[in-house]
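To start, the structure itself, in structure tokens.
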Amino acid sequence: MLTFGTPDPRVLDVVGTVVERLEQDTGVPPSAVMVVGAHARNIIHSGLKHSTSPRATDDVDLALALSGWDAYLPVTTTFPRSGDSDIRYRVGDIHVDFMPFGPALEDPPGVVTPPPRKEGWTVAGFQDVYGCAQDVRLMPQGDTVRVPSPAGYTALKLRSWADRAIRHDIKDARDLALACHWYSESDVVHDELYSTPHGKKLLEDHGFDQDLAAVGLLSAQVASILSDPVKTDLATDLRGSDRDLLAREFTNASALHWSEDRSRRRSIIDTLFSAFA
């Protein structure tokens, strides 16, 4: 499984500020926090030692692994709400989406209805991804939060794409392209492809196309993270998603050798989906 190293401390500053306030004001411990969304992307990108910078973001998305709704209610009463989603709050001057999850909160599994929301919110795969997420230390306080592995991040992005693409919401396409870039450019992945039996099989299956084999490894690792019900639901939804729409937006400035060619992008996407065929 591809992992990332220590990120630049600067990409953790905003998250650290929010997590410190969250613990002080509501009692939610840092160990219950999993960073998701754009800040998770930027942390992973930095930890993989890429020199380019992904898109900046002012908002923070935090998933909270909680034992029950009593642990979440202080969030709703402590911080002022922001916007109309009923999961976004303002922590100081930072807008934060809090997404609680856990067996006691999800009904049915993969769906939560955090008060004061009246409609369910999808958290499918969060428990699986949290279980194999990496610990990242926040400085200077020294607290540790969880950040998805590159494959875990991709799993959440695939789930998000499958949900949003129905509404022609394309915001996840570039993030998925970036995740494929992480694998196609990783020396660790290349070593696995050329030095292990399953890696050599991937190279053979993809005509010794190193980029496709790397994305095939990503697809397999994403599938290995997810529990069977989550994987089955995702596979069904991905089969029904518009791959041509994804290919149109599946671009990454760091991977111009394939992202400028739509047919090549489509091949990468088909490979990314291959473990869910």
Side-chain angles (χ1 to χ4, degrees), residues 1-5 7 34-37 40-41 43-50 63 110 123-136 146-162 172-206 208-239 241 243 246 250 252 254-255 258 265 267-277:
M1 190 75 67
L2 178 64
T3 59
F4 60 89
M34 179 170 68
V35 185
V36 293
R41 177 199 65 208
I43 290 167
I44 296 167
H45 194 73
S46 175
L48 290 172
K49 309 307 177 186
H50 286 279
V123 291
F126 278 44
Q127 292 185 56
D128 300 329
V129 172
Y130 179 83
C132 63
Q134 295 182 226
D135 290 330
V136 173
R146 306 282 276 170
V147 176
S149 67
Y153 172 84
T154 307
L156 296 182
K157 279 294 170 179
L158 284 171
R159 180 64 268 171
S160 184
W161 167 262
D172 300 299
R174 291 187 179 183
D175 292 331
L176 286 168
L178 181 61
C180 291
H181 175 67
W182 291 337
Y183 269 68
S184 67
E185 294 298 309
S186 168
D187 290 339
V188 173
V189 168
H190 297 164
D191 287 345
E192 186 166 349
L193 292 177
Y194 288 98
S195 65
T196 65
H198 66 271
K200 293 175 181 178
K201 180 68 163 54
L202 282 168
L203 282 167
E204 182 178 352
D205 290 346
H206 291 93
F208 295 92
D209 184 318
Q210 183 174 275
D211 287 343
L212 291 183
V215 175
L217 180 63
L218 170 59
S219 181
Q221 291 185 349
V222 169
S224 73
I225 288 172
L226 298 175
S227 58
D228 286 341
V230 174
K231 183 165 53 180
T232 299
D233 287 346
L234 179 57
T236 298
D237 292 340
L238 288 178
R239 282 195 295 270
S241 67
R243 296 192 188 188
L246 179 55
F250 193 81
N252 173 26
S254 299
W258 57 258
R265 297 200 302 265
S267 295
I268 296 285
I269 291 165
D270 289 343
T271 305
L272 178 61
F273 286 16
S274 61
F276 300 91

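The figures here come from the full heavy-atom set of this structure, side chains too, leaving out hydrogens, waters and symmetry mates. We number each residue from 1, following the sequence as shown.
- For D228, there are no side-chain hydrogen bond (donor to acceptor under 3.5 Å, both in side chains) partners, not counting sequence neighbours.
- Between the OH atom of Y183 and the OG atom of S219 there is a distance of 10.5 Å, given to the nearest 0.5 Å.
- Residues E192 and H198 have side chains that bring a donor and an acceptor to within less than 3.5 angstrom of each other.
- Summarising the geometry of P148 relative to V36, their closest heavy-atom pair is CG-CG1, 4.4 Å, with the distance given to 0.1 Å.
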Could you walk me through whether R243 and D270 pass the side chain to side chain contact (heavy atoms under 4.5 Å, CB included) check? CA-CA 8 Å; R243 296 192 188 188; D270 289 343; 2.9 Å; yes

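- Annotation: the span from K201 atom NZ to D205 atom CG amounts to 3.5 Å, rounded to 0.5 Å.
- Between the NZ atom of K157 and the CZ atom of R174 there is a distance of 12.5 Å, given to the nearest 0.5 Å.
- From L158, atom CG reaches atom CZ of F276 across 6.0 Å, with rounding to the nearest 0.5 Å.
- Remark: the backbone N or O of V215 is not paired with any side-chain donor or acceptor of T271 at under 3.5 angstrom.
- With hydrogens and angles disregarded, a donor-acceptor distance shorter than 3.5 Å links the side chain of S184 to the backbone of H181.
- Within the 3.5 Å criterion, the main-chain N or O of L238 finds a donor-acceptor partner in the side chain of S241.
- Between Y153 and W182, the ring centre distance stays below 6.0 Å.
- When every heavy atom of I225 is checked against every heavy atom of G152, the shortest pair comes out as CD1-N, 3.5 Å.
- Taking 4.0 Å as the cut-off between side-chain N and carboxylate O, R159 and D237 count as a salt-bridged pair.
- Shown here for Y194 and K200, the closest heavy-atom pair between the two residues is O-CE, 3.1 Å.
- Inter-residue side-chain proximity for W161 and D175 is flagged as unmet; no heavy-atom pair is nearer than 4.5 Å.
- The heavy-atom pair separating A151 from L218 by the smallest distance is CA-CD1, 4.0 Å.
- Heavy-atom minimum distance, L48 versus P150: CD1-CG, 4.5 Å.
- Side chains of L2 and S149 form no contact here, defined as non-hydrogen atoms less than 4.5 Å apart.
- Panel note: side chain S46, backbone P7; no donor-acceptor pair is recorded below 3.5 Å.
- Side-chain atoms of T232 and P229, non-hydrogen and from C-beta on, never get closer than 4.5 Å to each other.
- Cation-pi geometry between R146 and Y130 is met: under 6.0 angstrom from the ring centre, within 45 degrees of the axis.
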Begin from the C-alpha positions of L234 and K231 and carry the test side chain to side chain contact (heavy atoms under 4.5 Å, CB included) through to its verdict. CA-CA 5 Å; L234 179 57; K231 183 165 53 180; 5.8 Å; no

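- Atom NZ of K49 sits in a crowded spot, with more than 12 heavy atoms from other residues, nucleotides or ligands closer than 6.0 Å.
- Using modelled atom types, one side-chain atom of S224 and one backbone atom of Q221 make a donor-acceptor pair closer than 3.5 Å.
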Run the side chain to side chain contact (heavy atoms under 4.5 Å, CB included) test on D172 and L246 for me, step by step, so that the C-alpha distance in whole Å, both residues' side-chain angles and the decisive distance to 0.1 Å come before the verdict. CA-CA 9 Å; D172 300 299; L246 179 55; over 6 Å; no

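- Distance check: L212 CG to I268 CD1 gives 5.0 Å after rounding to the nearest 0.5 Å.
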Derivation and outcome, side chain to side chain contact (heavy atoms under 4.5 Å, CB included), residues E185 and H50: CA-CA 10 Å; E185 294 298 309; H50 286 279; 4.3 Å; yes

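- Nearest heavy atom pair, residue L193 against residue A214, reads CD1-N, 3.8 Å.
- Side-chain atoms of S160 do not come within 3.5 Å of backbone N or O of L156 as any donor-acceptor pair.
- H45 places no side-chain N or O within 3.5 Å of a backbone atom of R41 that could act as its donor or acceptor partner.
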